[in-house]
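Counting starts at 1 for both ligands and their atoms, in listed order.
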Amino acid sequence: MSVSVEENLKHIKERMAAACARAGRDPKEVTLIAVSKTKPVSMMMEAYGTGIRDFGENKVQELLEKKPQMPEDTRLHLIGHLQTNKVSHVIDKTVLIHSVDSLHLAEKIEQEAAKRDLISEILLEVNVAREESKFGMFVEDVTKNLEIISGFPHIRVKGLMTIAPNVENAEENRKFFKELYQLYVDIKSKNIDNGTMSMLSMGMTGDFEVAIEEGATLIRVGTGIFGSR
Ligand SMILES: *Cc1c(COP(=O)(O)O)cnc(C)c1O
């Protein structure tokens, strides 16, 4: 069966608009990140042709290979676990690192960003569902880590990210999205972030509508656009 990226995108965008309408949100508040991991540049270019500029990759090597093959205004998001020894390779090639899952990693990003005299925009990854198989900070550790990272001059914490469990029924993940949204609002109200937070990255092919209803500003959709991997 052949996959039409254009058709798939049209369908996803309709579903995004409907979820925004249900939640009384402005569709402009939600950015679709096309998760292109394992998919060829030719398919990414089909998405680009329909106006998509934000793409998500989970491996540093793949991101680095694809970057020079895509037009200049392509925005590559790193969404997968980042090892400290790869930070220097990717730091100036990605617009946003979604997967900062430890203080140690943030320290390394600070070091490498300082060397290049740039400011790295990041999200803190939170393991809301406390799954052993997943990376991310536990909810109760986010505030104290953020207090430290907010003091790093070459990092700007733009928000929070979570990867919800793989479930049959997306409704099962609503509680996790609500919990992350609550944490985000608490942090903003206490100004722990120095006012830099504005992004909530949550929701994938199976559950992005629920995530939008619960406040996502970035959704990461792979299979729903490019087909199964
Ligand atoms: C692969 C991946 C996605 C996209 O998953 P789909 O179910 O294909 O939409 C989103 N976020 C992260 C972190 C991923 O690794």
Side-chain angles (χ1 to χ4, degrees), residues 1 3-16 19 30-41 43-44 46-47 50 52-66 75-83 86-87 90 93-102 105 121-137 158-174 176-177 180-181 199-229:
M1 201 179 69
V3 180
S4 164
V5 169
E6 191 176 342
E7 283 290 310
N8 289 347
L9 274 166
K10 194 167 153 255
H11 188 52
I12 296 281
K13 286 191 172 165
E14 283 165 5
R15 288 168 59 193
M16 287 173 69
V30 186
T31 300
L32 172 61
I33 299 174
V35 176
S36 44
K37 62 187 186 196
T38 79
K39 299 296 179 180
V41 167
M43 287 183 98
M44 293 169 73
E46 281 182 63
T50 75
I52 296 286
R53 292 294 176 272
D54 293 89
F55 293 86
E57 291 289 339
N58 68 334
K59 294 211 165 78
V60 169
Q61 189 56 40
E62 190 172 348
L63 187 151
L64 297 181
E65 278 167 21
K66 286 170 168 176
R75 298 162 44 83
L76 295 176
H77 297 248
L78 185 67
I79 61 175
H81 177 64
L82 176 57
Q83 291 171 279
K86 304 244 172 87
V87 170
V90 79
K93 304 290 192 297
T94 175
V95 291
L96 186 65
I97 303 173
H98 291 231
S99 44
V100 178
D101 51 19
S102 70
L105 176 58
E121 299 202 331
I122 68 161
L123 305 179
L124 301 183
E125 180 173 354
V126 187
N127 186 354
V128 184
R130 311 183 82 87
E131 289 183 285
E132 254 172 53
S133 59
K134 297 250 168 79
F135 291 101
M137 304 170 187
K158 299 295 289 181
L160 306 176
M161 177 270 222
T162 197
I163 304 172
N166 189 4
V167 290
E168 282 289 312
N169 176 1
E171 284 297 331
E172 293 172 47
N173 283 337
R174 188 180 293 277
F176 301 126
F177 297 143
L180 193 66
Y181 180 77
M199 297 176 180
L200 210 44
S201 171
M202 56 188 196
M204 311 182 6
T205 297
D207 56 18
F208 71 86
E209 288 151 304
V210 176
I212 289 172
E213 288 167 15
E214 298 303 333
T217 70
L218 298 168
I219 61 169
R220 311 178 306 266
V221 178
T223 317
I225 297 172
F226 298 111
S228 58
R229 288 180 293 270

Problem - Side chain Asp207, main chain Met204, donor-acceptor under 3.5 Å - result: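 Between the backbone of Met204 and the side chain of Asp207 there is a qualifying donor-acceptor contact (under 3.5 Å).
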
Exercise for the section: Could you tell me whether the side chain of Ser201 and the main chain of Met161 form a donor-acceptor pair under 3.5 Å? Expected result: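 Between the backbone of Met161 and the side chain of Ser201 there is no qualifying donor-acceptor contact (under 3.5 Å).
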
What protein heavy atom is closest to [atom], reported as residue, atom name and distance in Å?
{"atom": "atom 5 (O) of ligand 1", "value": "Met204 CE, 3.5 Å"}
{"atom": "atom 8 (O) of ligand 1", "value": "Thr223 OG1, 2.5 Å"}
{"atom": "atom 12 (C) of ligand 1", "value": "Ile79 CD1, 3.5 Å"}
{"atom": "atom 9 (O) of ligand 1", "value": "Thr205 OG1, 2.4 Å"}
{"atom": "atom 11 (N) of ligand 1", "value": "Arg220 NE, 2.8 Å"}

Practice task
Tell me which part of Arg229 gets within contact of ligand 1: side chain, backbone, both or neither, using heavy atoms under 4.0 Å.
Solution key: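 Near ligand 1, Arg229 shows its side chain, while the N, CA, C and O stay back.
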
Looking at side-chain heavy atoms only, is the closest gap between [X] and [Y] below 4.5 Å?
{"X": "Met44", "Y": "Glu57", "result": "yes"}
{"X": "Arg220", "Y": "His77", "result": "no"}
{"X": "Glu172", "Y": "Pro165", "result": "no"}

Problem - Lys10 bridged to Glu7 by N-O distance under 4.0 Å - result: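 The answer is no: the pair does not qualify as a salt bridge.
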
Exercise for the section: Ignoring angles and geometry beyond distance, decide whether Val35 reaches within less than 3.5 Å of ligand 1 through its nitrogen or oxygen atoms. Expected result: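 No.
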
Handout entry: Test of proximity, Asn58 against ligand 1: N or O pairs below 3.5 Å
Key =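 Checking ligand 1 against Asn58, no N or O pair falls under 3.5 Å apart.
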
Ligand-side contact atoms (ligand 1) for residue partner [X], heavy atom cut-off under 4.0 Å:
{"X": "Ile163", "result": "13 (C)"}
{"X": "Gly222", "result": "4 (C), 6 (P), 8 (O), 9 (O)"}
{"X": "Val221", "result": "9 (O)"}

Handout entry: Nearest-option assignment for atom 14 (C) of ligand 1, heavy atoms, candidates His98, Glu57, Lys37
Key =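 Closest candidate by heavy-atom distance is Lys37.
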
Exercise for the section: Can you label the angle between the His81 ring and the Phe135 ring as parallel, tilted or perpendicular, going by 30° and 60°? Expected result: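 If you compare the ring of His81 with that of Phe135, the planes turn out parallel.
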
Problem - Full working for salt bridge (charged side-chain N to carboxylate O under 4.0 Å, His left out) between Glu62 and Lys59 - result: CA-CA 5 Å; Glu62 190 172 348; Lys59 294 211 165 78; 5.8 Å; no

